[in-house]
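For reference, the structure discussed in these notes is given below.
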Amino acid sequence: MAASGCRGVRSILWKYGSCGKSLCVSRSKTALQLPVRQICVSSSLWKKNLAAAGPEKFTQEFINKQVEEFEVGKRHLANMMGEDPETFTQEDIDRSIAYLFPSGLFDKRARPIMKHPEQIFPKQTAVQWDAEGRPFHFLFYTGKQSYYSLLHDLYEKILAIERHQAEMRNKGLYTTDTKQIVLTGSRWLLKEEMEEHLVENISDQDYMRLIQLMERLLSMPYCSLEEEFVLKFRRHLEVQSRKQEIPVIQYDPQGVAFSVADGRRKSAKASITLRDSGSGNVTINGKNYLHYFPVLQDREQLLFPLHFVGTLGRFDIEGSVEGSGHSAQAGALRLAISRALLSFVSEVEVEKMRQAGLLTADPRIKERKKPGQEGARRKFTWKKR
Amino acid sequence: MNLHKLASRLRPTVTQKFRHFHIQGSGQQLEAVVGETSSAEPSLLSVFRTSEQDPACHSERHTGQYYTIPPAHIQKLFPHGLPPRFQLQVKTFNEGCVMVRPPALELISYLKRVDYSKPPLRYILYGDTGSGKTLSLCHALHYCYTQGWLILHIPDAHLWVKNCKELLPSSSRPSRFDQPIQASQWLKNFKITNERFLSKIKTTQRYVWTKRESTEEGRPLGELVDQGVNRMKSSSDVVGAVLRELRLQAGGATDGEGAFKLAVAVDGVNALWGKTTLKKEDKTMCEPEELTLIHNLRKMMKNDWSGGAILTALSQTGSLFKPRSAYLPNELLGEEGFDNMEPFVPVSVPNYSEKEFESCYLYYLDRNWLQHPHSRSEEGKKELIFLSNKNPSILERLCAFL
């Protein structure tokens, strides 16, 4: 139990980048096995040179062993946390690791992780040629064999569709209104994602060429024949506005509807009560907003959400704000007003507000001063001698 | 009632657009009639203008409407009296239009009803920064002028307690300080305003300025004023003398030539009791008491004379060492000032009401001051309301760049 436990611990603590133990498997062993194209299906977004990584560092057996260790470690972790090992998902793993190994590091990627080896070990290309030095793939000498083979396949499919079209024409069943592939709500794979899919580097022009070819495929009427193939290269986009939290409308004893919301900007915190009373009074920290914000720009910031939704004279605003300077306070109030307005406004308006940037918290904060420099960016005066 | 706005008689060009608006409130029946009539009943009115030019006849009916001060009056009465931004506006629009507002109407009604044989009442206009105190004061002064009073208008008392280049030790009294430039400037303007009184009023006492110069008893006031204008060194003392004369003679003869009512109008009266930024030669701070002009003005503020009125307005904008949020009399006047000014009649000057804002907006539209196309729409108007919170000066600055 202890041995398996510490093996589990070892697999838990296997961070990417700390694989200092490079397992060098001699080529002779791999040469005796059947030449199988081994490409591990795992993600490594930060490993640059996939194709020129050299001979493979991790054999398939090694990866398999890692996968076994991961599974065992997962069950141990589930036991440790007192949960059911059968239904232990990746989210549960992440939660447990964050609990057992709390880390104060800022960079999320530097913290302890326990993920499936497929996500940790980079995809590598296997050996591309046989014992006599003859390459397996016919496009090996292009240098980017997977990319060109993909283009080749695409073009094959285009030709197949054209042949199908010709057949339909011959039969007299040619129509242009066939079932089209639904492309809304999804986007093409990005260049980085494409590189990772093909396990080799491609240039911008190559990427554009690929997308053009895809578009050409999609422009043909009978493209629905290759629907699953195309959808492999599309990523689904989530509708952002569904994620918005809308504050609840409350009613005070007089029957006036009001909502409360908060906002932050830099180090200013603001809290707003928006009342639907019909006058346009604005009071901040007990003072009239004309006295609190003598600068026009700050008042314009307060004006923006109400003007955007078109309810300028309708709402009463009562706010309290503290911290930072006047501009940041105005920004915090603006965010709070927009959030409070969400509950009085329809869904379409919510989406519009989100696209206008009213609901996004401004992430900019004061940059840290670095040692050896006078400020965050300013260096000390450079003296030639 | 939906109404059309038509060209008023002061504008030669006809507006291209017609605006419809809904007027609430009783007693505002307006007809749109083309052509001018000079009858007492205002027959041609735009909604925001009134043809009633005489401040004496202004009443609640005209609240929110603009009336024009004749250019001759502006030149004579306000050589230095109007706020600088308003002067620019007068120059731009080629006419001096002032809005009739409740505080000014209140002041004028008091002035109409007071018994002038008693000591003068002190009126203090107070309110938020930029809410229209100075212009209300000017409106009341215009009324006094049309009634034939003698106007003693100090446009901004703060100018006398700060930024003084020359501070001379007084020639008459050793512990006091003179401000020749300010004094002579003020005397010049006083002369322009009260031309006709200068020959009528006579001095009651002999004033000796230097070894060789003196003004005899019984000389017209004009001579005294000229003395001050020409001889800068003694101008502050001349101011003191003028004030004393006027104080003595204000209520004087009820009939006859010498009768006149005195209107003392001081803007920024809180300067008299505040601190100064002037330094003496030995780098110590000057007290307001030590300045001749201020000392004499304080004497004026005391109501130990009769036959006039003291109209004052507070001002935070030019005040020294006072926080920006202070606008009440006791905050701005300080303890000393409050004790001195008590008892007084406070008149509060609020921001524009809905109707007044509407009127101001229409006036700017009429003068083609709002160039931006969006500002002419309803949405734009709401934005203006929000951004300025119906504060007159903020609205004016906002519209200046639209």
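Keep in mind that this is a model prediction, so the values were computed, not measured. In what follows, chains carry the letters A, B, and so on, assigned in the order in which the sequence lines appear, proteins first and then strands, with residues in each chain numbered from 1.
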* Asked: Applying a criterion of heavy atom separation less than 4.5 Å, what residues of residues 279-311 of chain A form contacts with chain B?
  -> A/Val282, A/Asn288, A/Tyr289, A/Leu290, A/His291, A/Pro294, A/Leu296, A/Arg299, A/Glu300, A/Leu302, A/Leu303, A/Leu306, A/His307
* **Sole candidate of B/Glu356, B/Glu354, B/Glu358 that passes salt bridge (Lys or Arg N to Asp or Glu O under 4.0 Å) when paired with B/Lys390** => B/Glu354
* Asked: So what's closer than 4.5 Å to chain A heavy atoms on B/Ile385: side chain, backbone, both or neither?
  -> backbone
* **Qualifying residue for salt bridge (Lys or Arg N to Asp or Glu O under 4.0 Å) with A/Glu367, from A/Lys369, A/Lys370, A/Arg364** => A/Lys370
* Just give me the residue among B/Arg397, B/Glu379, B/Lys382 that pairs up with chain A most often, heavy atom to heavy atom, under 4.5 Å. => B/Lys382
* Asked: What part of B/Ser388 is in contact with chain A, defined as an atom under 4.5 angstrom from a non-hydrogen atom: side chain, backbone, both or neither?
  -> backbone
* To do: Would you list the pairs meeting salt bridge (Lys or Arg N to Asp or Glu O under 4.0 Å) in which at least one residue belongs to residues 82-94 of chain B, sequence neighbours left out?
  => B/Arg85-B/Glu396
* Check against side-chain hydrogen bond (donor to acceptor under 3.5 Å, both in side chains), B/Thr134 and B/Asp267 -> CA-CA 7 Å; B/Thr134 309; B/Asp267 204 347; 2.9 Å; yes
* **All salt bridge (Lys or Arg N to Asp or Glu O under 4.0 Å) counterparts of A/Lys179, not counting sequence neighbours** => A/Glu227
* Hey, what do you get for CZ (B/Phe86) to CZ (B/Phe78), rounding to the nearest 0.5 Å? -> 8.5 Å
* Asked: Which pairs, with at least one residue in residues 305-331 of chain A and sequence neighbours excluded, count as a salt bridge (Lys or Arg N to Asp or Glu O under 4.0 Å)?
  -> A/Arg275-A/Glu318, A/Asp276-A/Arg314
